[in-house]
A.B. asks: 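Take a look at this one; I'll ask things after.
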Number of protein chains: 2
Amino acid sequence: MPEISPDPFAAQLRAAAVKVTRPRLRVLAVLSRATAALTHSELEEQLADSPQGILDRVTLYRVLDSLVECGLAQRTLDARGVYRFLSSSVQARHAAHAHFHCQRCGGITCLEQMEVPVADLPAGYSARQVDIEVRGVCAACAPLSGAA
Amino acid sequence: MPEISPDPFAAQLRAAAVKVTRPRLRVLAVLSRATAALTHSELEEQLADSPQGILDRVTLYRVLDSLVECGLAQRTLDARGVYRFLSSSVQARHAAHAHFHCQRCGGITCLEQMEVPVADLPAGYSARQVDIEVRGVCAACAPLSGAA
DNA sequence: CCGCAAATGCAACCCTGTTGCAAACAGGTT
DNA sequence: AACCTGTTTGCAACAGGGTTGCATTTGCGG
């Protein structure tokens, strides 16, 4: 009987007012150990390798949904259109700023110094996130940029 | 015998050095009539409604691939991770302004009124285009977004 | 200890995008 | 005009990500 277990993940779940369940604890553990955003299948693999064995695909989706909904995780789309999940604590270190995409080398650079404008939206719209993508040619590629 | 047909889309295809085929003409026509980027299934629907009837799903994908490859269309990912296609001529009119991506329906709206900040770049970098993507919930989806 | 809502697990499904292959076609050649 | 060849089309089947329905289990407050 774990009355108030010392588990920090359980505490996070309680603080977020969601039930403390084994699948949620397992997912939270993997997510907060990760250094980058993981796809559903990457999470599934890592969970399967754990001593507790596989976690149902659908359950994993639903656990992720609940974690996103209660703010403990974030969901983003990667360049292939696949969802990636990130624990919010990890995300906090990588906040909202502009990115530069070099059209020549494909590299992505963070533009920490560029200020993010306030979204000016039509009535009824609500913004959750503003992404700025500047496309052009980076310093390394500038000398070569004659050929498109 | 269409030596040089008056069809402007055929001319575009010839200029791009790809064969002039009925499916390509049909897709180009729909794309250049569109005011926003369309998904594959939206295109499929619009084509099915035309007098020429349905166009094969796979053919549509391949036609879009060829149009993207020859530069007559552009492909982007929407907020749901679904490809959207835009004729390049439409894209030209849509250059530097912000877009709103609804996270619920995936729709993309132009935010004409939102000013685009000047890119503040490190030395050596040059910007060609600044994309602003505001993510959130659009007016149509707002009423539904509580019951996530 | 009970009860109930929430969460889990399983099976089946949908949708987007791809691959393989035979038949049809575009467009230059004779 | 008929021919030839590489491209394109259409069909069927597949793959992977993500979702839905439903019966069973479980967290947790009473």
Side-chain angles (χ1 to χ4, degrees), chain A residues 1-5 7 9-11 13-28 37-45 47-48 52-70 72 75-85, chain B residues 1-5 7 9-11 13-28 37-45 47-48 52-70 72 75-85 103-106 147-148:
Chain A
M1 293 120 180
E3 5 243 78
I4 295 179
S5 81
D7 185 338
F9 299 128
L13 289 171
R14 261 185 284 269
V18 287
K19 288 190 179 175
V20 178
T21 66
R22 196 171 323 108
R24 295 218 247 247
L25 290 173
R26 295 179 63 190
V27 173
L28 260 188
L38 301 174
T39 63
H40 175 275
S41 55
E42 287 164 352
L43 278 163
E44 203 178 357
E45 261 179 60
L47 287 163
Q52 315 205 56
I54 63 172
L55 179 62
D56 183 72
R57 253 168 57 74
V58 178
T59 300
L60 176 51
Y61 273 113
R62 290 200 269 230
V63 164
L64 289 169
D65 281 349
S66 67
L67 293 181
V68 168
E69 200 178 344
C70 77
L72 291 178
R75 179 173 22 218
T76 48
L77 267 183
D78 75 7
R80 286 182 341 212
V82 176
Y83 286 132
R84 287 183 176 269
F85 299 87
Chain B
M1 295 120 184
E3 6 244 77
I4 294 179
S5 84
D7 185 338
F9 299 128
L13 289 172
R14 260 185 284 269
V18 286
K19 288 192 178 173
V20 178
T21 65
R22 200 175 314 110
R24 296 218 249 247
L25 291 172
R26 295 179 63 190
V27 173
L28 261 188
L38 300 174
T39 63
H40 175 276
S41 56
E42 287 164 352
L43 277 163
E44 203 178 357
E45 260 179 62
L47 287 163
Q52 318 206 51
I54 64 172
L55 179 63
D56 183 71
R57 256 168 54 73
V58 178
T59 300
L60 177 51
Y61 274 113
R62 292 200 268 230
V63 164
L64 289 169
D65 282 350
S66 67
L67 293 181
V68 168
E69 199 179 343
C70 77
L72 291 178
R75 178 176 21 221
T76 46
L77 265 184
D78 77 8
R80 285 178 338 196
V82 176
Y83 285 132
R84 286 182 179 267
F85 298 88
Q103 293 178 311
R104 189 167 201 88
C105 67

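Proteins get letters first, then strands, A, B, ... in listed order; numbering begins at 1 in each. What you see below is based on every heavy atom in this structure, not just the backbone, and it leaves out hydrogens, waters and symmetry mates.
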A.B. asks: Measuring only between side-chain heavy atoms, which start at C-beta, is B:V82 closer than 4.5 Å to B:L77?
C.D. replies: no

A.B. asks: Could you state the CZ-P distance from A:R75 to D:dG17, rounded to the nearest angstrom?
C.D. replies: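 Spelled out: CZ on A:R75 to P on D:dG17 is 16 Å.
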
A.B. asks: Once you round it to whole Å, what is the distance between C1' of C:dG17 and CG of B:L77?
C.D. replies: 12 Å

A.B. asks: Is the positively charged end of A:R75 above the ring of A:F85, judged by distance under 6.0 angstrom from the centroid and angle within 45° of the axis?
C.D. replies: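 No cation-pi geometry.
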
A.B. asks: NA contact type, A:S41, heavy-atom cut-off 4.0 Å: base, sugar-phosphate, or nothing?
C.D. replies: sugar-phosphate

A.B. asks: From OH of A:Y61 over to P of D:dG16, roughly how many Å is that when rounded to an integer?
C.D. replies: 12 Å

A.B. asks: Quantify the bending of the helix from C:dC1-D:dG30 to C:dT30-D:dA1 as the angle between its end axes, each fitted on five pairs, to 10°.
C.D. replies: 20°

A.B. asks: In Å and rounded to the nearest 0.5 Å, what is the SG to CG distance from B:C70 to B:D65?
C.D. replies: 11.0 Å

A.B. asks: Ignoring hydrogens and geometry beyond distance, is the side chain of B:R62 in donor-acceptor contact with the base of C:dG20 at under 3.5 Å?
C.D. replies: yes

A.B. asks: Can you tell me the distance, in whole Å, between the CD atom of B:E69 and the C1' atom of D:dT8?
C.D. replies: 14 Å

A.B. asks: In terms of the nearest nucleotide of DNA chain C, which residue is placed more toward the 5' end: B:T21 or B:V82?
C.D. replies: B:V82

A.B. asks: In the structure I gave you, are the side-chain heavy atoms of A:R24 and A:K19 within less than 4.5 Å of one another anywhere?
C.D. replies: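 A:R24 vs A:K19: side chains touch.
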
A.B. asks: Do A:E45 side-chain atoms and A:E42 backbone N/O form a donor-acceptor pair below 3.5 Å?
C.D. replies: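 Not confirmed, A:E45 side chain does not pair with A:E42 backbone.
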
A.B. asks: Determine the contact category for A:V20: base if any of its heavy atoms lies under 4.0 Å from a base atom, sugar-phosphate if only primed atoms, P, OP1 or OP2 are that close, otherwise nothing.
C.D. replies: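 It contacts sugar-phosphate atoms only.
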
A.B. asks: Heavy-atom nearest nucleotide on DNA chain C for B:D65 versus B:R22: which residue maps closer to 5'?
C.D. replies: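 Mapping each residue to its closest nucleotide by heavy atoms, the 5'-most match is B:D65.
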
A.B. asks: Name every residue in residues 52-60 of chain A that has at least one heavy atom under 4.0 Å from any atom of DNA chain C, in order of residue number, or write none if there are no such residues.
C.D. replies: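 By residue number: A:L55, A:D56, A:V58, A:T59.
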
A.B. asks: Could you check B:K19 against B:V63 and say which one's nearest nucleotide on DNA chain D is further toward the 5' end?
C.D. replies: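 Taking each residue's closest nucleotide, the earlier one in sequence belongs to B:K19.
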
A.B. asks: For atom CD of A:Q52, decide whether the heavy atoms of other residues, nucleotides or ligands shown that lie under 6.0 angstrom number more than 12.
C.D. replies: yes

A.B. asks: Please say which of B:L60, B:D56, B:I54 ends up in a side chain to side chain contact (heavy atoms under 4.5 Å, CB included) with B:L47.
C.D. replies: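 For B:L47, the side chain to side chain contact (heavy atoms under 4.5 Å, CB included) test succeeds with only one of B:L60, B:D56, B:I54, which is B:L60.
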
A.B. asks: What contact category does A:T39 fall into here, base, sugar-phosphate, or nothing, at under 4.0 angstrom with non-hydrogen atoms?
C.D. replies: nothing

A.B. asks: If I take atom CD in residue B:E44 and atom P in nucleotide C:dT16, what distance separates them, rounded to the nearest angstrom?
C.D. replies: 9 Å

A.B. asks: May I ask you to check whether A:H40 and A:Y83 place their ring centres under 6.0 Å from each other?
C.D. replies: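 Ring-ring flag for A:Y83/A:H40: false, centres at least 6.0 Å apart.
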
A.B. asks: First locate atom CG of A:L72, then atom CG of A:L28, and finally report the distance between them rounded to the nearest 0.5 Å.
C.D. replies: 5.5 Å

A.B. asks: Rounding to a whole Å, what distance do you find between B:R24:CZ and C:dG27:P?
C.D. replies: 9 Å

A.B. asks: When you compare the side chain of A:R26 with that of A:L55, does any pair of heavy atoms fall below 4.5 Å?
C.D. replies: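 In short, these two side chains touch, coming nearer than 4.5 Å.
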
A.B. asks: If I take atom CG in residue A:L64 and atom P in nucleotide C:dG9, what distance separates them, rounded to the nearest angstrom?
C.D. replies: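 Atom-to-atom, A:L64 to C:dG9, this comes out as 13 Å.
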
A.B. asks: Please report the distance, rounded to the nearest Å, between CD in B:E45 and C1' in C:dT16.
C.D. replies: 15 Å

